[in-house]
Amino acid sequence: MLTDIKSMNLDELTTYLTDHGFEKFRAKQVLNWIKQDAVSFEQMTNIPAALREFLTENAYLALANIVRVQRSKIDDTEKFLFGLSDGEYVEGVLMRYHHGLSVCISTQVGCKMGCTFCATGKSGFSRSLTASEMIAQIRSAELHAGERISNVVLMGMGEPFDNYDNVIRFLKLVSSEDSLHIGMRHITISTCGIVPRMRDFADLQLQCGLSVSLHAPDDEARSRTMPVNRRYPIAEVIAASEYYVKKTNRRISFEYALISGENDSDDHARRLAALLSGMLCHVNLIPVNTVTGSGYRKSTIKRQNAFVNILSAAGVNATVRRTLGSDIDASCGQLKRNFMKGDV
Ligand code: SAH
Ligand code: SF4
């Protein structure tokens, strides 16, 4: 198997090269080429031919090439289809805010969790992404935009905590000077609630944001749309969320997709308020985005407002998230491996 050197930090690359008989300082040179977006080892002209040959034979440079771009006519959001080294595809989204560019990246090709409202969940699962493939998505988006990316959200395809080790490796690498140097404070992870990994993550006490996809205030309703709830029920998810807040002193976010007639009644809002009251948290309400075959509809504006008001009155911070890129299916839950003929 070829070695994924773009997932390594400077220390690891140094060990790898010295273990194979090359000088220590070569690692820094190779890293500099990676930072300059080298796509092949042959390009690395200041390292000896023997090292170039060794790397060509034993290692690879992970890529996430943009093979298709769709641009929203409403808000300039762009959706990318990234081609990975082994022929798989994932999607990512570039969003333009007043405070800068934000990119939403994928952590897996597909997802195993099967949430009924999510297009990714319906597309099945193929494999997890490496740290280098997560970084490559950001870098490709950055080069495409011609401007630095300031914020990253792990809210594309896949469940980050079902790919925990690679995601943690990604966070440490991307925030370091060896890589893109994007501070953890500018990165947010979204999880469907894999409780043991939420606790592991809290123990790391990273400055990275955490968002938990809740989408229902009780086990019966949540299990109906999110099969993961049968494994990790709400009480455990809430306890792990409280643990995260205690460990990190950071506010936690909850995502709640408002689905007409499913989870958007006053009673749901009151039960959600009871569940979260007193916690250092924020609720992001997302009018559910349409996904082919799901049959779900967005809650009315009136329902959305009533829901926010009930939460606010109970002292629970809540806002309705603005939908971006709706005309290009770039909104939450709409990403899939929809590579089409003629895309390249
Ligand atoms: N797997 C992770 C992160 C990717 S999904 C997670 O589930 O948290 C990113 C967010 O989009 C999650 O909050 C997810 O619940 C939400 N989402 C999925 N499908 C959606 C849809 N059709 N409408 C609105 N939000 C959706
Ligand atoms: Fe997976 Fe998240 Fe979609 Fe659920 S919402 S199927 S966890 S990507």
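In listed order, ligands and their atoms are each counted from 1.
For the atom pair OG of Ser175 and NE2 of His181, the computed distance is 7.5 Å after rounding to the nearest 0.5 Å.
More than 12 heavy atoms of other residues, nucleotides or ligands shown are found within 6.0 angstrom of CZ on Arg127. Counting heavy-atom neighbours within 6.0 Å of Lys298 NZ, excluding the residue itself, gives a total above 12. Other residues, nucleotides and ligands contribute over 12 non-hydrogen atoms within 6.0 Å of the CZ atom of Arg224. Counting heavy atoms of neighbouring residues, nucleotides and ligands inside a 6.0 Å radius, atom CD of Gln36 exceeds 12 of them. The 12-atom threshold is not exceeded at CZ of Arg185, counting heavy atoms of other residues, nucleotides or ligands nearer than 6.0 Å. No more than 12 heavy atoms of other residues, nucleotides or ligands lie within 6.0 Å of NZ in Lys246, so this atom counts as exposed by the packing criterion.
Residue-and-atom listing of protein N/O/S atoms under 2.8 Å from atom 1 (Fe) of ligand 2, sorted by chain and number: Cys111 SG.
Residue contact check: Met155 has heavy atoms under 4.0 Å from atoms 4 (C), 5 (S), 9 (C) of ligand 1. With ligand atoms numbered from 1 in the order given, ligand 1 contributes 13 (O), 14 (C), 15 (O) to contacts under 4.0 Å with heavy atoms of His215. Applying the 4.0 Å criterion to heavy atoms of Val291 picks out, from ligand 1, the atoms 22 (N). Against a heavy-atom cut-off of under 4.0 Å, Ile286 is close to the following atoms of ligand 1: 24 (C). If you number the atoms of ligand 1 from 1 as listed, the ones under 4.0 Å from a heavy atom of Ser213 come out as 6 (C), 7 (O), 8 (O), 12 (C), 13 (O), 14 (C), 15 (O). Within ligand 1, the atoms closer than 4.0 Å to a non-hydrogen atom of Cys192 are 6 (C), 7 (O), 8 (O), numbered from 1 in the order shown. Every atom of ligand 1 with a heavy atom of Cys118 under 4.0 Å away is listed here by number and element: 18 (C), 19 (N). For ligand 1, the atoms sitting less than 4.0 Å from at least one non-hydrogen atom of Gly158 are 1 (N), 2 (C), 3 (C), 4 (C), numbered in the order shown with element in parentheses.
Note on ligand 1: Cys115 sits outside its first shell, no heavy atom being nearer than 4.0 Å. In this structure, Ala119 does not count as a contact residue of ligand 1, since none of its heavy atoms falls inside 4.0 Å of the ligand.
Both the backbone and the side chain of Asn289 come within 4.0 Å of ligand 1, judged by heavy-atom distances. Using a 4.0 Å cut-off between heavy atoms, Glu159 contacts ligand 1 through both its backbone and its side chain. Contact annotation: for Met157 versus ligand 1, there are no heavy atoms closer than 4.0 Å. Of the heavy atoms in Thr191, only backbone atoms (N, CA, C, O) come closer than 4.0 Å to ligand 1.
In this pair, His144 and Phe80 present their aromatic rings perpendicular. The plane angle is above 60°, beyond the 30 to 60° band.
Looking only at protein heavy atoms, the nearest one to atom 25 (N) of ligand 1 is Cys332 CB, 3.4 Å. For atom 10 (C) of ligand 1, the nearest protein heavy atom (residue, atom name, distance) is Glu255 OE2, 3.8 Å.
Asp267 and Ser265 form no side-chain donor-acceptor contact under 3.5 Å, judged by distance and modelled atom types alone. Using a 3.5 Å distance cut-off with no hydrogens or angles, the side chains of Asp4 and Ser132 do pair a donor with an acceptor. Side-chain polar atoms of Asp327 and Ser72 form a donor-acceptor pair below 3.5 angstrom.
Tyr97 and His99 have their aromatic ring centers within a separation under 6.0 angstrom.
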